[in-house]
Every structure is written in C-alpha cells, then in structure tokens.
Amino acid sequence: MQAAPSVSRDAGPARASARSLIDVRSVSKTYATASGGNVHALNGVDLKIAEGEFVCVVGPSGCGKSTLLRMLAGLDTYDSGTLALDNRPVAGPSGDVGVVFQAANLLPWLTVRENVRLPLRVGGRRASADPRIDDLLAMAGLGDFAARYPYELSGGMQQRAGICRALARDPQILLMDEPFGALDALTRERMNMELQRIWQANRKTIMLITHSISEAIFLGDRVVVMSARPGRVLADLDVPIPRPRSFDTIVTHPGYARLASEIRGLLNAQEGAAHD
Amino acid sequence: MTDTAMRAGASSSGLLEQPEVDAATSIENAASNAMPAPRKPGRAEINGSVIAGIGLVALIALWIMAVRFLRVPPYILPAPEAVLNALWSGIAISPASPKGYYLPLWSTLSNAATGFAIGSGLGLVLGSLMAESRLVEKLLMPYAFALQSLPKVAIAPLVVIWFGFGDGSKVAIAALLAFFPVLINSFTGLRATEPERIDLMRSLSATRFETYRIVKLPNAAPFIFAGLDMAVVYALLGAIVAEFLGAQQGMGVVITQAQAVSDVAGVFAALVILGVLGIALHSSVRRLEHRVVHWAHRGKR
C-alpha cells in the first residue's frame, strides 16, 4: 500500500487486498502499417491494477492505450515485456475478462437478451444460466427491453446492454475501451453514475480507457496518464474523492480541480510534443 | 475507518442515490418508448404502386393507339385484345389440359425451383468456403469468373448433351445461372463483416464456426438476399432457355409452338405470364428478406 500524503486513502476501497489482478511490465509494441512503415505504439509500459480496483487510463489520441487494452484482452500480441492477468501470462482471450467495446457493438440481429446471453453460448459453453441474464438486465434497467432489438434502444441503453454482455460470464476483470465516447454529455454522465453503481454492487476490477478527464476522475480510484506515441505511463494519480461520487458534488471537492488541472497540464504538454 | 465500514457507508448512500439513478433511467426508457414505432408501409410505397399502375395504363394505351393508327400488322405487333384473348384461352381451361398454361408453367417452375435451390445452395457453400479460406479463394475465384464471363446460353447445348432433353438439362442450366450471383454476393457479404464484431467473438473465445454462424452469416444476409433476388430470376431464365433447345413441356415449349404457327399473340401471352412470374418471384424474395433481415431495414444501429 502506498502512503498518499495529505489525502485520505479511504476512497480506494480495494487497496486492502493488494493482489494485483492486472500486471503489465515494460511492455513494448511496434506494428507495421499498411503503407509499409512501422509504428512504435508502446514503449515500456508498466501498470499494476489491484483486485477490485477501478483504474482509468487517459492519453493523447493514438498513444496506444487501446492497443494496451486489446493486448490484455488477448486480441493483440506484444513484442517485449510481460503481461499477466491474475499472475497468468496473457496468451489469448480469457473467460475471466469481459470486454466492453466502443459504441456498444451489439449484434443487430439478436434481441437484447440474446446479445447479453451470447458469452454463455459460445466458446464451448452451453447456455443454462438464463436467470442470471435477466438479473443483469434488471440491474442495468433493461428488464423491459430484453425482447427488443438493439435498433429500438437509445445509444445509452445499447451501451448498458454492452456492459451486461461483458458481465455475463461473471468475469473478474472488465476492460472498457472508451465505452461512452459516442454518447452525448448528459447521457454520458448518467452512464458514469450507473457504472459507478454497478461497480459498487459487484466490485469487478476495471480498466477503463477514456478521452474525458472528468469521466476519468469521476470513475477512477486511480487515473493513469499516458504519453504521446510511443506510449508509456507518465503519471499514476490517486483520486482522493470518497464514493459514491456525483457530478453535482465532485466539482466542489478540492481534490477534483487540482487533479483535473494536473492531468490537463500533462496532456497538453503531450499534445504540444506530439505536434512538434 | 476500516474498509468494511467504508463499503457499508458507500452502499447505504448508494441506496439513497438509487431513486435518482432510476429516475434518470426511466426518463431515458420513456424517451425510447416514445420513439416512433416501426414504420408501416406508408405514403411513399402507395405512391410507388400508383405510379407503376399509371405507367402500365399509359403503356397499354400507347400500344392500342400504335396498332390502330400506325397500322402495325398483327404478325409484328398484335393488338392488346388479341393478346388478352390468347391469355384467357390458356387460363380459362381445365388445369389438366395440355393446351392450358398450367402444365407447362408447373414444369418450368419446378425445374427452375430445383435449379435455383441447387445453384444458390452451391453458391452459398462455395462462397462461404472462399470467404473463410484464402487458399480456397485463390483456387476457385479464377474459375468462378471464367465461368461467369462465358455466355451461359452458349454452354446450354453442351449441358443438353450431358443431361439429355429431359428435366435434367433444365435444372442444370437454371442452377448454372443461379450459382454465380449467390456465390459472389455471399463471398462479399461474409468478407464485409465489421472487424469489431469479429473481435467480440474472439474475445469470447468463440470457435470459427460459431463466429461464422452467429456473426458472419447474419451480417452477410442482406448481400445473400440480393444475390438470391437475382438468382431466382436467372433460374427461370435458365429453365426457359433450356426448353428452347428441346423439351416436351414448359413455357419455352409454349413459346416455340406459338412461334411455329406464327401465333404472335400467343407468344406475347406467354411472355406476359413469364413477366408476371418474374415479378412475383422477385417480390416474394424481397418479402422473405424483409422478414429475415428486418434489423437492416429499420434505422441504422
């Protein structure tokens, strides 16, 4: 446990169990582009996330944060370093990891319930746990929409269904890749509230990638700031704001403004560097 | 404060906050309840059939006038009444009579349907194999295009030599014509699957066949139906072309027999039947598509 001077650690509920579920050590990645060039995406990334912790990753566009998430999900390979989930090196997609994609990524030909049930009927599984699916849908406020098709839902509801799907296998870890980026500001805040509620209810270990500083501070126990490409960890900041947080009160917390300006300063310096 | 106490505190105030979140949720739910219901066939479609009807009436009027005033001889262009008479004499007759349209129509339709089923089924299977495997694609694609660039009517005599003058050659040519559009469309549609959807299936450790069945095939369905739409008309065409080359029965035979006795009105009447049949087949495929691929027709995402 780190000692954080001058701020209370009460906000980090999961620090007591120091077992790190996600362990990234000096991971680097270079990939070839279609035009024949090489892109140095990640350069020695180190990141540890403890069980039950909620960590948000922010960084300039193209800094490789999505690549990092895809590696953890077993969808991308890495060149060097080690990547472990629950002390097991990542060798491919794992049933213990739920992925929430950008823009919900629901299958339009399946009903909401069938979409959420999808993880239970592929990969050598035989679906049986339907009551759980209905519980999940009810928790996300989608109970009445289970038999609808995605095109009948609003963007926010679609993404809630996407989160339910990621939770269907009851994974230990949830990886979220800019899940609310496509939503309008109000819906986004509402979704942040809901995600906080869901997380407080079941305490998954979450890594969430976002462009939004306010979202990162609102949701995260920690905010990890990444550098411009090739991406590495610039700063790993604790969020000393007690939960449950709400957008109305969070802005008045003294830690909020300080954190936001610190993150903004780091990112602006990076944008400047990236454009040089 | 201990961790547990903190959790308890967090969840109790979480409870207090619950109604607020739920209210937000229900506002959103209400908003989407108010979303317009799936659109019923509206003015646009009615206008469409009105326009088509007006066009048909104008065409027939033009036809009548052309025959009357330009004095076109009946062996070039028969009057609409003569065509109508020929049609009626073929329709208002016992279905078992060899002079009616029923027996030849049944024979042509059943051969076309069998050919359509074989050709489009083969097209879907090979299109899927080609989409799934670069090796199969490299192996088969050149032949598929070579086959397609040959005029099928020119292969028809060969097919008759192989399959004889019976139903076999009709089915084979119908299948040959139905094959290609389904092959290319299913191949294109299966390859057009969004990478995010493939990623989703990969993240769930889905097998290749699960990804094919659950994601790729439904994703390709609009393409496949476009192919089937073409294939169903081509299959009918193929069956009739085969009948021209020699057959005991079928609409192709009706046409050649009428032509042999210079019954131009009879030829026209048979063509009208085939035209109507083509439209009926096309619209039944479209109707099936709207049922199966309903999600692609109402609002994107």
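All values reported here derive from a predicted model rather than from experimental measurement.
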Engineer: Write down the atom of A/V122, the atom of B/M201, and the distance for their closest heavy-atom approach.
Structural biologist: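 Heavy-atom minimum between the residues: CG1-CE, 3.9 Å.
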
Engineer: Would you say that more than 12 heavy atoms from the other residues, nucleotides or ligands in this model lie under 6.0 Å from the CZ of A/F101, or not?
Structural biologist: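 Atom CZ in A/F101 is packed in, count exceeds 12.
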
Engineer: Got a donor-acceptor contact below 3.5 angstrom from the B/R202 side chain to the A/L75 backbone?
Structural biologist: yes

Engineer: As an exercise, state the distance from OG of B/S203 to CZ of A/R70, rounded to the nearest 0.5 Å.
Structural biologist: 10.0 Å

Engineer: Quick check for you: to the nearest 0.5 Å, what is the distance between A/R121 atom CZ and B/L204 atom CG?
Structural biologist: 11.0 Å

Engineer: Do you know which two heavy atoms are closest between A/P93 and B/S205, and how far apart they sit?
Structural biologist: O-OG, 3.7 Å

Engineer: Nearest 0.5 angstrom please: A/L107 CG to B/E194 CD, how far?
Structural biologist: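 Taking CG in A/L107 and CD in B/E194, the distance rounds to 9.5 Å.
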
Engineer: Count the heavy-atom pairs under 4.5 Å between each of B/V293, B/V292, B/L200, B/V215 and chain A, then report the option with the highest count.
Structural biologist: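 Sorted descending by pairs with chain A, the first entry is B/L200.
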
Engineer: Hey, is the main chain of B/I214 close enough, under 3.5 Å, to the side chain of A/W109 for a donor-acceptor pair?
Structural biologist: yes

Engineer: Can you tell which part of A/L106 gets under 4.5 Å to a heavy atom of chain B, answering side chain, backbone, both or neither?
Structural biologist: backbone

Engineer: Any non-hydrogen side-chain atom of A/E152 less than 4.5 Å from a side-chain atom of B/W295?
Structural biologist: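 No, every pair of side-chain atoms sits at 4.5 Å or beyond.
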
Engineer: Are the side chains of A/P108 and B/R197 in touch, meaning some heavy atoms are under 4.5 Å apart?
Structural biologist: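 Sidechains of B/R197 and A/P108: in contact.
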
